[in-house]
Amino acid sequence: MTLGGSTHAYGEPTYWDRRYRQAEGAFDWYQKYKALSPLLDLYLRRDRPVLLVGCGNSTLGEEMVEDGYVDVVNVDISSVVIEAMQKKYHDVCQLKYVRMDVRDMSEFESESFDAVVDKGTLDSLMITYGDPSFRLDLLRGTCLWTVNLHVIDRMENSSEHQSWELTRTVPLNEDGSFSLSVLGPNPEIHYIYVCVKDASLKQKLRENGVDVNAQN
């Protein structure tokens with residue numbers, strides 16, 4: 001996999017183990033909890049279990065617990081960072097850290113979590129950036145999601161364009177595609193995809209003879 005002229009085995013534990021052995025302090029990809037909390041408030045419940053995938057040494061889980069979340073499970077492919085985070089938060093019962101590859105989470109039973117939060121893991125595995133055209137098609141490919149698109153400024157007050165309100169969904173075209181023009185000229189933003197299980201889609205698939213259990 002190539003990014004910026006360098007080749008990295010982003011899907012390999014050895015890459016991340018080496019990186020976290022060299023890490024100096026916590027690091028949050030893209031955005032921190034304070035910036036994202038209005039959107040999390042919109043979709044998540046504090047009294048329900050939440051899974052954070054590719055957690056690294058982010059403070060996201062810690063800040064969620066401080067803000068009232070009662071059960072936050074963090075997983076990462078790196079045993080180095082998981083052991084470090086287990087040690088750091090050994091006395092915080094609301095936080096759990098488990099070494100796991102997100103491509104195989106069979107250790108968890110279906111419907112173990114009310115929500116899953118990914119802040120950079122999909123990018124790390126796919127190495128795809130830019131506008132959501134490809135991502136939207138990929139996410140809808142599961143057939144059981146309603147996908148809402150949100151955007152957030154890359155840095156607070158970092159640009160002169162009119163900011164898009166975080167909790168307001170970005171309108172999509174009738175065919176579900178995305179047009180960058182709705183956000184104005186040259187927006188400096190991060191894209192956020194919220195996938196909500198759609199019971200109506202599941203029922204429609206059942207009526208067409210599709211085994212929806214195989215797609216969960």
Practice prompt. Would you check if Glu66 and Tyr33 make a side-chain contact, meaning some heavy-atom pair closer than 4.5 Å?
Written response: no
Practice prompt. Compare all side-chain heavy atoms of Leu60 with those of Val117 and state whether any distance is below 4.5 angstrom.
Written response: yes
Discussion item. Under a 3.5 Å cutoff, is there a donor and acceptor pairing between the side chains of Asp76 and Ser78?
Written reply: no
Worksheet item: Judged by atom type as modelled, is there a donor-acceptor pair below 3.5 Å linking the side chain of Asn173 to the main-chain atoms of Asp175?
Response: no
Worksheet entry | Rounded distance (nearest 0.5 Å) linking atom CD of Gln31 with atom NE2 of His190 | 6.0 Å
Item to complete: Provide the closest heavy-atom pair for Asp118 versus Val53 in the form atom of the first, atom of the second, distance.
Response: CB-CG2, 3.6 Å
Worksheet item: What pair of heavy atoms forms the shortest contact from Ala26 to Thr59, and how long is it?
Response: CB-CG2, 3.7 Å
Discussion item. Using the rule given for side-chain contact (heavy atoms from CB on, under 4.5 Å), can you reason through Arg19 versus Val81, listing the C-alpha separation, both sets of side-chain angles and the distance that settles it, and then say yes or no?
Written reply: CA-CA 9 Å; Arg19 179 165 181 153; Val81 78; over 6 Å; no
Item to complete: Could you pull out the closest heavy-atom pair between Gly54 and Thr121, with the gap in Å?
Response: CA-OG1, 3.2 Å
Practice prompt. Show your reasoning for whether side-chain contact (heavy atoms from CB on, under 4.5 Å) applies to Ile77 and Val102.
Written response: CA-CA 8 Å; Ile77 199 172; Val102 297; over 6 Å; no
Discussion item. Nearest 0.5 angstrom please: Glu63 CD to Leu40 CG, how far?
Written reply: 11.0 Å
Worksheet, complete the sentence: Interatomic distance, CG@Leu42 vs CG@Asn148, rounded to 0.5 Å, equals 8.5 Å
Worksheet entry | Whether Asp17 side chain and Ser79 backbone form a donor-acceptor pair below 3.5 Å | yes
Worksheet item: Side-chain contact, heavy-atom cut-off 4.5 Å: Val80 with Pro13?
Response: no
Fill in: Pairwise distance CG(Leu122) to CG(Leu139) - rounded to 0.5 angstrom
7.0 Å
Practice prompt. Please round to the nearest 0.5 Å and tell me the distance separating atom OG of Ser37 and atom CG of Leu166.
Written response: 8.5 Å
Practice prompt. Please report the closest heavy-atom contact between Cys195 and Val147, naming both atoms and the distance.
Written response: SG-CG2, 4.2 Å
Worksheet item: Can you name the one residue among Tyr191, Trp164, Tyr43, Tyr193 that meets ring pair (Phe, Tyr, Trp, His ring centres under 6.0 Å) with His150?
Response: Tyr43
Discussion item. Any heavy-atom pair between the side chains of Asn74 and Leu95 that's under 4.5 Å?
Written reply: yes
Item to complete: Taking Asp71 for its side chain and Val73 for its backbone only, find out whether a donor-acceptor pair lies under 3.5 Å.
Response: no
Discussion item. Show me the pairs that pass ring-ring contact (aromatic ring centres under 6.0 Å, His included) and involve residues 46-93, at least two apart or across chains.
Written reply: Tyr89-Tyr97
Item to complete: Output yes when a side-chain donor or acceptor of Asp153 lies under 3.5 Å from a complementary backbone atom of Ile189, and no otherwise.
Response: no
Response to the item:
Here the salt bridge (charged side-chain N to carboxylate O under 4.0 Å, His left out) pairs for residues 29-45, sequence neighbours left out, are Asp41-Arg46, Arg45-Asp47
Item to complete: For residues Pro132 and Leu149, report the shortest heavy-atom separation together with the two atoms involved.
Response: CG-CD2, 3.9 Å
Discussion item. Tell me the closest heavy-atom pair linking Pro49 and Ser112, and the distance in Å.
Written reply: CG-O, 3.4 Å
Discussion item. Using the rule that Ile, Leu, Val, Met, Phe, Trp and Tyr join whenever any side-chain heavy atoms are under 4.5 Å apart, tell me whether Val92 and Val70 fall into a single cluster.
Written reply: no
Worksheet item: Does the pair Ile192 and Leu36 meet the rule for a side-chain contact (heavy atoms from CB on, under 4.5 Å), with working shown?
Response: CA-CA 10 Å; Ile192 302 172; Leu36 295 172; 3.8 Å; yes
Discussion item. Looking at Gly25, is its backbone amide N or carbonyl O close enough to the side chain of Asn57 to form a donor-acceptor pair, meaning the two atoms are under 3.5 Å apart?
Written reply: yes
Discussion item. Once rounded to the nearest 0.5 Å, what's the spacing between atom CE of Met85 and atom OH of Tyr20?
Written reply: 9.0 Å
